[in-house]
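For ligands, and for the atoms within them, numbers begin at 1 and follow the listed sequence. We count residues from 1, following the sequence as given. All values below come from the heavy atoms of this structure, side chains included, with hydrogens, waters and symmetry mates left out.
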Amino acid sequence: MAILNILRYPDARLNKLAAPVTVFDASLKQLVQDMTETMYAAPGVGLAATQVDVHKQVIVVDVSDRRDSLITLVNPQIVDAHGDSDIEEGCLSVPGIYDTVPRAERVKVRAYDVNGKLFTLEAQGLLAVCIQHEMDHLQGKVFVEYLSQLKQTRVRARLAKQLRKSA
Ligand code: K1U
Ligand code: ZN
């Protein structure tokens with residue numbers, strides 16, 4: 001197991017499109033284990049492979065308080081969506097920035113598990129928002145890119161200040 005480096009916005013690698021997984025092998029299981037360890041250590045409630053510079057359609061999510069309800073989604077597809085969510089989002093690639101962006105309140109997702117078994121998941125609330133957030137990462141989209149240009153400029157300035165302080 002390993003803790004992986006999480007890319008920080010505005011790194012251009014966060015804008016790469018992830019490819020579907022075609023082979024469900026030991027290296028996929030290793031990637032999922034490493035992403036899981038990285039998400040729990042951060043700590044976060046989700047992580048997309050894009051954030052660790054692996055451009056494959058792989059997501060891990062655990063929104064439970066006890067941190068014992070891991071969900072792995074490979075090649076996820078939203079097949080149904082309803083309602084509007086007002087849940088505030090954070091992102092491990094954009095530390096310290098929180099905002100709301102347009103998301104469905106409930107989603108039905110079809111995905112493969114790490115063994116290549118197809119399953120369907122119905123999610124609502126934070127789990128639904130988190131899955132949509134992570135699926136955006138796989139499309140190369142970071143949640144702050146939904147915000148106004150003014151807000152994005154402020155986000156970049158705050159992140160640059162954080163970096164200067166930590167240097
Ligand atoms: O994609 C990511 O960077 C992970 C992100 C997921 C997310 C959170 C909230 C709404 C939508 C998507 C995070 O996990 S940010 C950290 C966070 O929210 C959190 C961390 C520890 C405990 C509880 C929440
Ligand atoms: Zn994120």
Handout entry: For atom 10 (C) of ligand 1, the protein heavy atom that lies nearest, with its residue and separation
Key = E89 CA, 3.6 Å
Practice task
Mark yes or no for whether Q77, through its side chain, and V109, through its backbone, hold a donor-acceptor pair below 3.5 Å.
Solution key: no
Practice task
Please determine if Q51 has a nitrogen or oxygen closer than 3.5 Å to a nitrogen or oxygen of ligand 1.
Solution key: yes
Handout entry: Nearest-0.5 Å distance, CD1 of residue I78 to NZ of residue K108
Key = 13.0 Å
Exercise for the section: Using distance alone, decide if ligand 1 has a nitrogen or oxygen within less than 3.5 Å of any nitrogen or oxygen in V45. Expected result: yes
Practice task
Using non-hydrogen atoms of the residue, decide whether Q132 is closer than 4.0 angstrom to ligand 1.
Solution key: no
Exercise for the section: Quick one: look up the protein heavy atom nearest atom 3 (O) of ligand 1 and list residue, atom name and how far away it is. Expected result: L92 N, 2.6 Å
Exercise for the section: Using a strict 4.0 Å cut-off to heavy atoms of H137, name the atoms of ligand 1 that fall inside it. Expected result: 1 (O)
Fill in the blank from the handout: Counting heavy atoms under 4.0 Å, the part of M39 that contacts ligand 1 is neither
Practice task
Just need the protein heavy atom nearest to atom 4 (C) of ligand 1, so name the residue and atom and give the distance.
Solution key: G46 O, 3.1 Å
Problem - Nearest neighbour in protein (non-hydrogen) for atom 20 (C) of ligand 1 - result: P43 O, 3.2 Å
Fill in the blank from the handout: G44 heavy atoms within 4.0 Å reach ligand 1 at atoms 14 (O), 20 (C)
Exercise for the section: Please indicate whether any nitrogen or oxygen in E134 is less than 3.5 Å from any nitrogen or oxygen in ligand 1. Expected result: yes
Exercise for the section: Please check if the side chain of D113 supplies one atom and the backbone of T72 the other of a donor-acceptor pair under 3.5 Å. Expected result: no
Exercise for the section: Mark yes or no for whether Q162, through its side chain, and P95, through its backbone, hold a donor-acceptor pair below 3.5 Å. Expected result: yes
Problem - Cation-pi check, K117 onto Y112 ring (under 6.0 Å, within 45° of axis) - result: no
Practice task
Check whether any side-chain N or O of E145 sits under 3.5 Å from a backbone N or O of V142 as a donor-acceptor pair, and report yes or no.
Solution key: yes
Practice task
Determine, using the 4.5 Å side-chain heavy-atom cutoff (strictly less than), whether I97 and L92 are members of one ILVMFWY cluster.
Solution key: no
Exercise for the section: State plainly whether the residues D84 and R103 are in salt-bridge range, i.e. N to O under 4.0 Å. Expected result: no
Handout entry: Donor-acceptor contact present, side-chain Q57 to main-chain A18, <3.5 Å
Key = yes
Problem - G90 N/O under 3.5 Å from ligand 1 N/O - result: no
Problem - Metal-centred angle, the Zn ion (ligand 2) as apex - SG of C91, NE2 of H133, 10° resolution - result: 120°
Exercise for the section: Answer with yes or no whether A48 contacts ligand 1, where contact means a heavy atom under 4.0 Å from a ligand atom. Expected result: no
